[in-house]
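Every chain is numbered from 1 and lettered A, B, ... according to where its sequence line falls, protein lines coming before strand lines.
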Amino acid sequence: MEYNFRDIERKWQKQWKDSQAYKVKNDFSKPKYYVLDMFPYPSGAGLHVGHPLGYIASDIFSRYKRLKGFNVLHPMGFDSFGLPAEQYALDTGQHPAETTKKNIATFKSQLDNIGFCYDWDREVQTSDPKYYKWTQWIFLQLFNSFYNRKTQKAESITQLIKLFEEYGSGAAGIAPSAFSFTPEEWKTFDEKTQQDILMNYRLAFCGYGEVNWCEALGTVLANDEVVNGVSERGGHPVVKKKLRQWYLRITEYADRLLEGLDRIEFSEAMKEMQTNWIGKSSGAEIDFAVKGFLNTKLRVYTTRPDTIFGADFMVIAPELELVNEIKSEEQTTAVDEYLAYVKSRSERERMAEKKISGVFTGAYAINPFSGREIPIWISEYVLAGYGTGAIMAVPCGDERDHKFARHFNIPITNIIGSYYNGEEANPTKEAILQNSGFLDGMVMKDAMEVAIQALEDNGIGVRKVNYKMRDAAFSRQRYWGEPFPITWKDGIAKEWKGELPLILPTVEKYGPGPDGQGPLANIPEWVAQELETNTMPGYAGSSWYFLRYMDPHNDSAFCDRKVSDYWNQVDLYIGGTEHAVGHLLYSRMWTKVLYDLGHIGYDEPYKKLVNQGMIQGSSRFVYRMILTAIAISDNNKPIPQIFISKNLIEDFHYGGQILKEGIIFNQLEKILSSKGIKINVDVKVDYYHPNALHVDVNIVDGFELDIEAFKKSKPDYANAEFVLEDGKYICGSEIEKMSKSKYNTVNPDDLVLKYGADTFRMYEMFLGPVEMSKPWDTKGIEGVHRFLKKFWRLFFDEIKGKMWTEDEPTAEELKVLHKTIKKIEEDTERFSFNTAVSGFMIATNELTDLKCHKRSVLEPILILLTPYAPHIATELWSLLGHSDSILDAAYPRFEAKYVAETSKEYPVSINGKLRTTMNISLDAAQPEVEQLVLQNDVVQKWLEGKPPKKIIFVKGKMVNVVI
RNA sequence: GCCCGGGUGGCGGAAUUGGUAGACGCAGCAGACUCAAAAUCUGCCGUUCGCAAGAAUGUGCUGGUUCGAUUCCAGUCCCGGGCACCA
C-alpha cells in the first residue's frame, strides 16, 4: 500500500467536517488556550504561499495544545472592509460587498485545502452588519467616555458633566484645555457650547486634520499613494487640505500603553518599536517673546532646557499660523514660495529629506534670560504635529541643527567648551556649561532642573512631558467601512438614536461626495437624516475581533462577560511585524477602554506575540530584444518577438557594435532568415539592453523557462522566438515582495494538489524560522515529500504491505524514540518548527536504518507528528486499528533514562583550534581528563615535548590545551 | 532621515547559555537496481594545497574582549519591514 495523499486528505477532511472534529465549546470546566492569527484582508488575488506561514505555525501549536489536554480556541475570520475593494468597485462597477463575498469564498476554500483546525462556526467578518453592529457599539462607548486623569481610566461622559456641574473646569482629573469656567458658568452655557467643551474630552472626538487632497481624483490619498507630490495613479497634484475628522484620544493612554508592555511577552524589538512610537519625553515648553510683537509668543518644546543659551535660531513648522503673523515684509515672498513648496510635500518625504531647506521669516525671538535676539526660521523638518511645532535650535548639541546652521551660515554659540569640536554637534549631557548666563559652570544634566525651575519661577515656561504619538485619526472619506452611528444637527454631534447596526447603505456612485466628503454624502436619504458621512478606518474592526470569536453569535452583547472571563487573553498571537505599531497599539487601547468601563476583565489583549517573517517572492525575468532599429524585413513580414537567454545578453554587442561572432548572432540570423528578415549589421546602437519582463514563476523550473507554457501564456507570445544557451532558456531572477503584478506568486492550491497538504504544511515550516523573512522557493518541497513517503514505509511496504509488529523495542530504538519526543516537544514549545521537522526526518532515517517497525515506537511518534501532518497521522492511526481520534490522543512523555549516556566524544582543541576528539567518561573530572589528554598522540605532537600552559576542561563540553 | 530586524556552502537553513561551524533538506557528482525510465538505495559534497595523512582558510566588512567568538563589544557596508489614509 502506497502513500496516497490525495485520497487520504480528502477522506479525513470530509470526516473532520462531518464529525465536527474542530467544534470548540465554551466548556468552562477545561483549561483553555487561545491561539489567534492576524486575520487576512481578503484580496482579490487570493491566498499565496506567504499567507499560510503564520497560520500553519498557529495550527501546529493549537493541535499540540489540544493533545496536551487544553480546550483550544483557534478561530479564523476576515478583515473585510478596506480600500482595495472600494477601488476595485470604482474600477469595475461591482459592489464591494459582492467582490468581498467572492474573495472570502476563495480564501476559505484555499485555507480548508491546507487542513486547518478552524471552527468555522466562529468565523467573523468585519463587514458583516452582525459584526459591525458591535464595532459601532464600542465606538459609542468611546464617544460617551472621557479619560479621568485622577483615576487613570476611562469613565462615562455623564460623570464628566457631573464634575463640571460640581467643580467646573478645574475639577480634579480634568485635562487642562482652553476652556475655563465655574460650575455656575457651566450651567448657563447653551447646548452647543457645552457639547463643544465635552468634545474636547471624549475618547472618540471630532477635530480638524490635514489630509493629502487630490483635486483631480476628488479624493483623499494615503501617504504611499503620493509620490513626489503627485498622485501615484494619474500623476495629479496633491495638496494638504484641512478636513473635519474623527480621532481616538489614544494619547491619554500613552503611559498605560507603555506600562502594559512590561506585562506581556512581545519581542524586545516589538516593545522597542512601540515605545519609540509612543515617544515619551520630558522637558519644558518655553514661551519666547517675538521682537516687535506685544501679544505674540513663540512657544517651543525642548527636551534640553539646559541648552537654552545655545539656541542660535528657532525653527517653526511652516504650516503654523504664526508664520504669516510674524513674517517680515522683505521675507514675505521667500516665505510664501517656501510654503507652497511644503504644501506639495508628504510628511514622509519631509522626514526622509536629506537636503536642507528653509527660509528666514525675518522675525526674531528674544531669549528670556539674556535678551539675545534669535532669528526665526521655517523648515520642513519641523512638523506641526510634534510638540508645539516649534523648536529652539542648538547647533552645538544637535546634529540636524548643526547642519542647518552650517548650511545657512548661522553663527554657532559653543556652550559646551571642549566637548564641541567645531565640526560635529555633540549631544552630551556631561559637559560643563559656558556662555550660559546663570547656568555657567553647571554640569548639563544638573542644569536641566535649574533651568526648568527658573522658567517656571519667571512664568515663561513649564515642565512638560510630551509624546511623539498623536491621537489616532479615525475617519475616512470612503464608502467601504463602518458608518458612524452619529448625527449632526446645528453643528452638534449626537449618538444616532436608531437601533444598531446602522447599516451601510447601497450606493450607485462610489465616488467622493462634495467638498472632500465621503461617498455617503451622495445619498440623499443619508444626508436627510443628518448622518455622519465619513466611515471608520480599517483598524476599527480589527481592534476588538479577538473578543468576538469567543462569543460570535451573541446578539445582546459583543461578548458575554462570563465567556470573555473564561477565554480571557489571547495566549498566543501570530502575525507580521508590519502591524507592530498600528493595529497592535489600537487594539491594546480598545482593550483598556473596555476594561475601564467594566466590559471585560483584563486590559491587555495579547499575552504573547510571535512575529512571522514575510515570505518574499523570487521573481523571474525574460529578456526581450528590441529589433526595430536593426532588422530589415524584405517582404514587410512582422518581426517576431525574440527573447534572449539570460547569460547571453552581454554577448550581443560591444561598444555599440553588433558582435557578428557572438552566439546570439548565429542563432538570431538562422531564426530571422527563415522568416525573410535580415539584420543590418552596420547600424550602430548607442545603447542597447533588452527589456526585462516579469515572467510567471510557475512556468519556470528553477531558472529554466518552460518555453511551450510561455508561448501559451499570452497571445502576444504565441510566435515568440528564443535564443538559447545549451538548448535552454535561462531566466534572470530577483527577490521582491510577493505580488500578483510581479508574477511571482505561488498558489498553495497547486502545491497541495501536487504534494498534499501535509507536505505543504511541513515544507512551509521547514523553510526556516517563522520569525524570519525569506524568499519562497518551491524546489525543496520534494525533500519533505520524500520524507513523508519514507515515514509511511515504516508502516507499509509497497509490496509486502503491513510492516508494523508488536515486538518489544530495543534500548537503541527507545533511545531514538525518547530523543525524538524531547526534540519535538522542546522545538514546538519554542516555535522552532523548522528544526522540529528536521527532527522528524532524523528519527525516520534512524528508525529506517534500524529496520524498526515496532508499534510501541511508531505510535508515539505518530502522535508527535499529528500537529504537523494531521492527515497522514490520522490515516495511519486508524490503520493501526484505533477507533478513537488521534487528535485527542495523549501526548507521549519523555523519559530521560532511555537517553542517558555514560561517555562523550570530547572535542580536544590546541589553543582553541580543534585537533582531535577523545571518548572520555562523563564522570571523569579535571585531573583524570588532563592525564588522558596529555597521553593523546595528536596532543603530544602539538606539544612537541613542552608542558602545556593550561588545560581548560568544561565538563560535558570540551577540552582546550593552551601551549 | 528616524525606529526595528537580518547577513553562515551553489541554495533554504542548523549550532537553545561563549565551547566540535555547516545538522536536516534541495541542487550537484559517482554508483546499485532496471531493457529503459520513474521510484528507491549507497557513497561524495565550504574553499585552497595534498595521492593520502594532514595543513591552511572560512559565518557581510574592519577592529576589540577571551584559553576559545556565528554567538559579546565598537565601528562600517548591504538587504528587508515600519514611519500614522495599503492591510
Side-chain angles (χ1 to χ4, degrees), chain A residues 2 38 40-43 79 81-84 87 211-212 219-226 245 267-270 272-277 279 347-355 381 385 400 468-473 475-478 537-539 542 576-583 585 611 613-614 616 702 735 737 763 766-769 771-777 779-784 786-787 789-790 793 798 826-827 830 832 834-835 837-842 845 848 905-917 949-952 954 956-963:
Chain A
E2 62 175 341
M38 287 186 186
Y41 174 80
S43 81
D79 189 13
F81 271 136
L83 196 54
Q87 193 53 46
V211 295
N212 298 315
T219 186
V220 176
L221 297 176
N223 274 334
D224 57 277
E225 292 178 294
V226 184
Q245 301 281 7
S267 67
E268 283 312 310
M270 184 64 51
E272 227 169 301
M273 274 192 267
Q274 294 207 352
T275 303
N276 291 339
W277 180 269
E347 210 169 279
R348 182 94 48 92
E349 288 169 330
R350 284 173 59 175
M351 286 188 291
E353 185 58 67
K354 283 189 222 174
K355 215 172 65 209
Y381 79 87
R400 188 120 76 144
K468 207 158 79 193
M469 179 169 68
R470 312 197 284 257
D471 283 328
S475 50
R476 302 290 183 259
Q477 290 68 48
R478 305 282 186 190
Y539 64 84
S542 60
T577 38
E578 65 271 25
H579 301 286
V581 281
H583 158 64
L585 275 179
N611 287 118
M614 181 174 282
Q616 293 141 326
I735 304 293
K737 212 169 180 163
Y763 181 59
F766 190 58
L767 274 180
E771 307 92 333
M772 219 84 88
S773 290
K774 55 230 152 196
W776 177 263
D777 180 11
K779 275 239 141 168
I781 198 169
E782 293 274 359
V784 176
R786 278 201 275 265
F787 148 71
K789 286 201 282 194
K790 192 167 179 179
R793 284 198 300 272
E798 255 178 81
E826 283 179 0
D827 284 357
R830 66 188 177 102
S832 179
N834 56 327
T835 53
V837 174
S838 89
F840 282 119
M841 290 174 170
I842 292 167
N845 291 344
T848 304
E905 191 72 21
Y906 274 96
V908 180
S909 303
I910 313 287
N911 287 342
K913 242 176 209 164
L914 181 77
R915 294 300 174 190
T916 187
T917 59
K949 278 195 191 131
K950 206 184 333 178
I951 295 179
I952 291 155
V954 182
K957 292 274 187 198
M958 45 64 70
V959 184
N960 187 18
V961 182
V962 185
I963 54 179

For A:Tyr539 and A:Ala472, the nearest pair of non-hydrogen atoms, with its separation, is OH-CB, 3.4 Å

If you compare all heavy atoms of A:Arg478 against all heavy atoms of A:Val220, which two are closest, and at what distance to 0.1 Å?
NH2-O, 2.7 Å

Can you see which heavy atom on A:Pro537 is nearest to which on A:Ser475, and at what distance?
CD-N, 4.4 Å

Scoring nucleotides 41-47 of chain B by protein non-hydrogen atoms under 4.0 Å (B base, S sugar-phosphate only, - none) yields S------

From CZ of A:Phe81 across to P of B:rC85 the rounded distance in Å is 18 Å

Which residue, A:Arg478 or A:Lys774, contacts RNA chain B at a nucleotide closer to its 5' end, judged by nearest heavy atom?
A:Lys774

Of the candidate nucleotides B:rG80, B:rC86, B:rU16, which contains the atom at the shortest distance from the side chain of A:Ala222?
B:rC86

For A:Ile951, answer base if it contacts any base atom (sugar-phosphate contacts may also be present), sugar-phosphate if it contacts only those atoms, and nothing otherwise; contact means non-hydrogen atoms under 4.0 Å.
nothing

Closest listed nucleotide, where the reference is the side chain of A:Tyr41 and the choices are B:rG80, B:rA87, B:rA23
B:rA87

Counting the atoms with a prime plus P, OP1 and OP2 as sugar-phosphate, which does A:Asn845 contact under 4.0 Å by heavy atoms, base, sugar-phosphate, or nothing?
sugar-phosphate

Syn or anti for B:rG60? Use the chi torsion, O4'-C1'-N9-C4 for purines and O4'-C1'-N1-C2 for pyrimidines, with syn inside 90° of 0.
anti

In B/S/- notation, 5' to 3', how is nucleotides 66-74 of chain B contacted by protein heavy atoms closer than 4.0 Å?
-BS------

Just to be sure I understand the rule, does A:Ser542 reach a base, reach only the sugar-phosphate, or reach nothing, if contact means heavy atoms closer than 4.0 Å?
nothing

Paired with B:rG80 by Watson-Crick or G-U wobble geometry, both distances under 3.5 Å: which nucleotide is it?
B:rC4

A:Gln245 CD to B:rC85 C1', straight-line distance once rounded to whole Å:
9 Å

In this structure, how many angstroms lie between the C1' atom of B:rC83 and the CD atom of A:Glu225, rounded?
16 Å

Hunt down the Watson-Crick or G-U wobble partner of B:rA37, both distances under 3.5 Å, from any strand shown, or write none.
none

Under 3.5 Å, is there a donor-acceptor pair between the side chain of A:Lys774 and the main chain of A:Pro769?
yes

Taking atom types as modelled, find out whether A:Asn845 and A:Lys790 have a side-chain donor-acceptor pair closer than 3.5 angstrom.
yes

If each of A:Val959 and A:Gly538 is mapped to the nucleotide of RNA chain B with the nearest heavy atom, which maps nearer the 5' terminus, i.e. the 5' end?
A:Val959

Please find the pair of heavy atoms, one from A:Lys468 and one from A:Asn276, that lie closest to each other, and give the distance.
NZ-O, 3.4 Å

Please pick, from B:rG82, B:rU20, B:rU40, the nucleotide with the shortest atom-to-atom distance to any side-chain atom of A:Lys789.
B:rU40

Report the distance from atom CD of A:Glu2 to atom C1' of B:rA38, rounded to the nearest whole Å.
12 Å

Residue A:Leu83, side-chain atoms from C-beta onward, closest of B:rA39, B:rC24, B:rA87
B:rA87

Taking the side chain as every heavy atom from C-beta outward, state whether A:Arg476 and A:Leu83 have any pair of such atoms under 4.5 Å apart.
no

With a 3.5 Å limit on both atom pairs, tell me what B:rA21 is paired to, counting Watson-Crick and G-U wobble, or say none.
none

Counting Watson-Crick and G-U wobble pairs only, both distances under 3.5 Å, name the nucleotide matched with B:rU42, or none.
B:rA30

The nucleotide from B:rA23, B:rA84, B:rG19 with an atom nearest the side chain of A:Trp277 is B:rA84

Figure out the CE/P separation between A:Met772 and B:rC79, and round it to whole Å.
19 Å

Looking at the side chain of A:Asn223, which of B:rG25, B:rA84, B:rA21 is the nearest nucleotide?
B:rA84

Both distances under 3.5 Å, Watson-Crick or G-U wobble: report the partner of B:rG68, or none.
none

Base, sugar-phosphate, or nothing for A:Glu578, non-hydrogen atoms under 4.0 angstrom?
base

Touch check for A:Thr835, heavy atoms < 4.0 angstrom, all strands: base, sugar-phosphate only, or nothing?
sugar-phosphate

Could you verify whether a donor N or O on one side chain and an acceptor N or O on the other, from A:Thr577 and A:Asn611, lie under 3.5 Å apart?
no

Answer with base, sugar-phosphate or nothing: what part of the nucleic acid does A:Met469 contact at a heavy-atom distance below 4.0 Å?
base

For A:Leu767 and B:rC11, what is the distance between atoms CG and P respectively, to the nearest whole Å?
16 Å

Base, sugar-phosphate, or nothing for A:Pro537, non-hydrogen atoms under 4.0 angstrom?
nothing

Selection from B:rG13, B:rC85, B:rA87 that lies nearest to any side-chain heavy atom of A:Pro769:
B:rG13

Using a cut-off of 4.0 Å on non-hydrogen atoms, how would the nucleic acid contact of A:Lys355 be classed: base, sugar-phosphate, or nothing?
nothing

In whole Å, I'd like the distance from the CD atom of A:Glu771 to the P atom of B:rC4.
19 Å

Counting side-chain heavy atoms from CB outward, which of B:rU16, B:rG81, B:rC3 is closest to A:Glu826?
B:rU16

Indicate, with a heavy-atom threshold strictly under 4.0 Å, whether A:Val211 touches base, sugar-phosphate, or nothing.
base

Base paired to B:rG50 (Watson-Crick or G-U; both N/O distances under 3.5 angstrom):
none

I want to verify a distance call: between B:rG13, B:rA87, B:rA84, whose nearest atom is closest to the A:His579 side chain?
B:rA87

Using a 4.0 Å heavy-atom cut-off across all strands, classify A:Ala580 as base, sugar-phosphate, or nothing.
nothing

Euclidean distance, atom CD of residue A:Gln274 to atom P of B:rG5 [Å, nearest integer]:
14 Å

Is there a donor-acceptor pair under 3.5 Å between the side chain of A:Tyr906 and the backbone N or O of A:Lys957?
no

Does OP1 or OP2 of B:rC83 have a side-chain N or O of A:Arg470 closer than 4.0 Å?
no

Is there a donor-acceptor contact under 3.5 Å from the side chain of A:Asn960 to the main chain of A:Ile952?
no

Student check: side-chain heavy atoms of A:Leu767 and A:Trp776 closer than 4.5 Å:
yes

Counting only Watson-Crick or G-U wobble pairs whose two distances fall under 3.5 Å, which nucleotide matches B:rA14?
none

Is there a Watson-Crick or G-U wobble partner for B:rA87 with both distances under 3.5 Å, and if so, which one is it?
none

Is the shortest side-chain N/O distance from A:Arg476 to OP1 or OP2 of B:rC85 below 4.0 Å?
yes

For the side chain of A:Lys779, counting heavy atoms from C-beta on, which of B:rU40, B:rG12, B:rC26 is nearest?
B:rC26

